[in-house]
Participant: 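Below: one structure in structure tokens.
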Amino acid sequence: MKSNAALQPEPAPVAACTVSRDVQNFDLLIEDMEAELGESWGDLGFSDAVAFLDQPDANALEFIAIAMDEKDESDISLIADLINLARVRKVKVLLIAQDVGPVVLHQLLNLGADGFLPYPLPEGALHEAVERLRAPEPLPPVSIAAGDISTKTASGNHDGTILAVHGLAGGVGATTFAVNLAWEIATKNKKASPRVCLLDLDFQMGSTSTYLDLPRKDIVYELLSDTSSMDNDSFQTALQLYGDKVHVLTAPADMLPLDLVGPEDITTLIENARHNFDVVVIDMPKTLVAWSETVLNAAHVYFALMELDMRSAQNALRFVRLLKSEDLPYERLRFALNRSPRFTDLQGKARVKRMAESLDIDIELLLPDGQRQVTQACDHGLPLAQSAPKNPLRKEIAKLAASLHEMITAEATTG
């Protein structure tokens, strides 16, 4: 007679574990883990997980999914120790967070967590994250002889023109200008359209996603929080294509501190954009931060938008003084006056002249008031060319785009 014990199958090794204070608080995660792994997963508390990783049973682990909410922020040191231990044991770490502050997430991702998902989990998000975790590590670079080095860069073969847009006061229309400028350049030549990328670097109040009716992707935060591992694929994945013409990096889904990234991070981001696109339009935050100088130095043209009012004049004066005192490339600034007086408004034109003289600047671009049509276009998520092609503001931006397109084409030809 055979033993009944011999008929009992051995339990499958545990391939993954959820780690949380109480997994019942993440019921959707339980459902997704069962759908993805069947019975080959378990659940542990934070302290238990640290002990389990030191046991032989942990050798079969592929990854741990750390699920946390705002109540777990007080245990950040314990979670950090768990991530460090997992890295030593070569176990992948996936963060699943609900209402956790961006600073805490930034710290944990910097410690070496391999991915982040918001909770409640979007449909299919866990499956996609697990597929990424299971993907093989990239092969090490092959040694190349000096004579075999290609003239193409690692990320692409473009050398894009950088156009930055900075509003000198709230509500001066900087984002409207940036969005429509990017669209006009991308659609100026139907036979040979340049590749255009729009970067929204206003991490707190950025609204390019609203103006183009695009969703805010969580992967944007992942990209910005770990630029050291940014490559061409991860950069392209974070972009969204609008109208089959403009690639857009929207502001993150959550309101993040502007110092989330530093000058080196912004340099990496801009270089990836330059190497993949012919024109890169950057929508800047109104606040000056540590990496504002980085964008100014990288920009071929730095548009400073203002209005005919005292707040714009004062901010322009302070901005110019700062650049001159720090010996920064002030000559790259191109002042643009939005909602400028009409051609027949002689008194208004005189005010513009007096403002320029008092600030000792040249106001090179006069943008007419597009009035209600501009607001409607923004609310409907459409460029002016699609919603109000005869709008005076649209026509002026189109003229500028045409001149920039000619300049870029000429430089590319002579280069």
Side-chain angles (χ1 to χ4, degrees), residues 5 8-137 218-219 221-222 225-226 228-229 254:
Q8 300 295 325
E10 293 186 6
V14 177
C17 280
T18 57
V19 183
S20 62
R21 186 176 71 278
D22 184 358
V23 74
Q24 297 302 322
N25 295 333
F26 301 89
D27 52 343
L28 295 178
L29 175 60
I30 297 175
E31 295 177 6
D32 284 358
M33 290 290 287
E34 290 178 349
E36 187 68 27
L37 298 164
E39 297 182 357
S40 300
W41 69 283
D43 174 63
L44 297 167
F46 293 118
S47 300
D48 295 334
V50 173
F52 179 74
L53 285 175
D54 280 327
Q55 298 178 10
D57 291 342
N59 293 337
L61 272 182
E62 296 181 23
F63 70 93
I64 58 174
I66 300 177
M68 58 185 299
D69 56 27
E70 72 278 4
K71 295 181 181 178
D72 298 309
E73 294 187 10
S74 57
D75 294 324
I76 183 69
S77 58
L78 180 59
I79 298 174
D81 291 341
L82 178 59
I83 293 175
N84 287 327
L85 182 57
R87 291 186 62 191
V88 172
R89 299 289 185 267
K90 299 188 183 305
V91 176
K92 303 283 187 175
V93 178
L94 180 63
L95 290 177
I96 297 170
Q98 181 179 30
D99 299 328
V100 176
V103 175
V104 172
L105 281 177
H106 183 56
Q107 292 174 350
L108 296 179
L109 286 168
N110 278 345
L111 285 173
D114 299 282
F116 158 72
L117 290 176
Y119 189 87
L121 296 172
E123 185 176 355
L126 181 66
H127 173 73
E128 294 176 2
V130 173
E131 289 296 309
R132 289 195 297 269
L133 294 179
R134 287 173 171 171
E137 295 291 334
D218 293 304
I219 194 174
Y221 173 78
E222 297 180 39
S225 61
D226 188 15
S228 60
S229 61
D254 296 320

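What you see is a predicted model, and the numbers here were worked out from it, not measured in a lab.
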Participant: Provide the full list of salt bridge (charged side-chain N to carboxylate O under 4.0 Å, His left out) pairs with a residue in residues 18-29, sequence neighbours left out, each pair given once.
Facilitator: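 Passing the test, one end in residues 18-29: Arg21-Asp69, Arg21-Asp72.
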Participant: Take Phe52 and Leu85 through the test side chain to side chain contact (heavy atoms under 4.5 Å, CB included) and record every step on the way to the result.
Facilitator: CA-CA 11 Å; Phe52 179 74; Leu85 182 57; over 6 Å; no
Participant: Quick check: closest heavy atoms across Ile83 and Ala113, and the distance to 0.1 Å?
Facilitator: CG2-N, 4.0 Å
Participant: Does Leu29 offer a backbone N or O that forms a donor-acceptor pair with the side chain of Asp32 under 3.5 Å?
Facilitator: no
Participant: Looking only at non-hydrogen atoms, find the nearest pair between Ala129 and Leu117 and report the distance.
Facilitator: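 Ala129 and Leu117 have their closest heavy atoms at CB-CD1, 3.9 Å.
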Participant: State the CG-CG distance between Leu82 and Asp48, to the nearest 0.5 angstrom.
Facilitator: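 Result: 11.0 Å between the selected atoms.
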Participant: Looking only at heavy atoms, what is the nearest atom pair of Ala67 and Phe46, with distance?
Facilitator: O-CZ, 4.1 Å
Participant: For a side chain to side chain contact (heavy atoms under 4.5 Å, CB included) check, start with the C-alpha distance between Thr18 and Ile96, then their side-chain angles and the critical distance, and finish with the verdict.
Facilitator: CA-CA 10 Å; Thr18 57; Ile96 297 170; over 6 Å; no
Participant: For the atom pair CG (Leu78) and OG (Ser47), what is the distance rounded to the nearest 0.5 Å?
Facilitator: 5.0 Å
Participant: Treating Asp114 as the side-chain partner and Val93 as the backbone partner, does any N or O pair qualify as donor plus acceptor under 3.5 Å?
Facilitator: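 Yes; judged by distance alone, with no hydrogens or angles, the pair exists.
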Participant: So how far is it from Glu70 CD to Glu73 CD, rounded to the nearest 0.5 Å?
Facilitator: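 Those atoms lie 7.5 Å apart.
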Participant: List the atom of Leu37, the atom of Phe63, and the distance in Å for their closest heavy-atom pair.
Facilitator: CD1-CZ, 4.1 Å
Participant: Does Glu123 CD have over 12 foreign heavy atoms under 6.0 Å away?
Facilitator: no
Participant: State, to 0.1 Å, how close Gly45 and Val19 come at their nearest heavy-atom pair, and which atoms those are.
Facilitator: O-CG1, 3.8 Å
Participant: How long is the gap from NZ on Lys92 to CZ on Arg87, to the nearest 0.5 Å?
Facilitator: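 One finds 10.5 Å between NZ of Lys92 and CZ of Arg87.
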Participant: Find the distance between CD1 (Ile64) and CG (Leu53) and round it off to the nearest 0.5 Å.
Facilitator: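 Those atoms lie 5.5 Å apart.
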Participant: How far apart are the closest heavy atoms of Val14 and Gly42, and which atoms are they?
Facilitator: CG1-N, 4.0 Å
Participant: With rounding to the nearest 0.5 Å, note down the distance linking CG in Leu126 to CD in Glu36.
Facilitator: 6.0 Å
Participant: Test Arg89 against every option in Asn59, Asp54, Asn84 by the side chain to side chain donor-acceptor pair (under 3.5 Å) rule and name the one that passes.
Facilitator: Asp54
Participant: Given side-chain hydrogen bond (donor to acceptor under 3.5 Å, both in side chains), test Asp75 with Ser77 step by step and report yes or no.
Facilitator: CA-CA 6 Å; Asp75 294 324; Ser77 58; over 6 Å; no
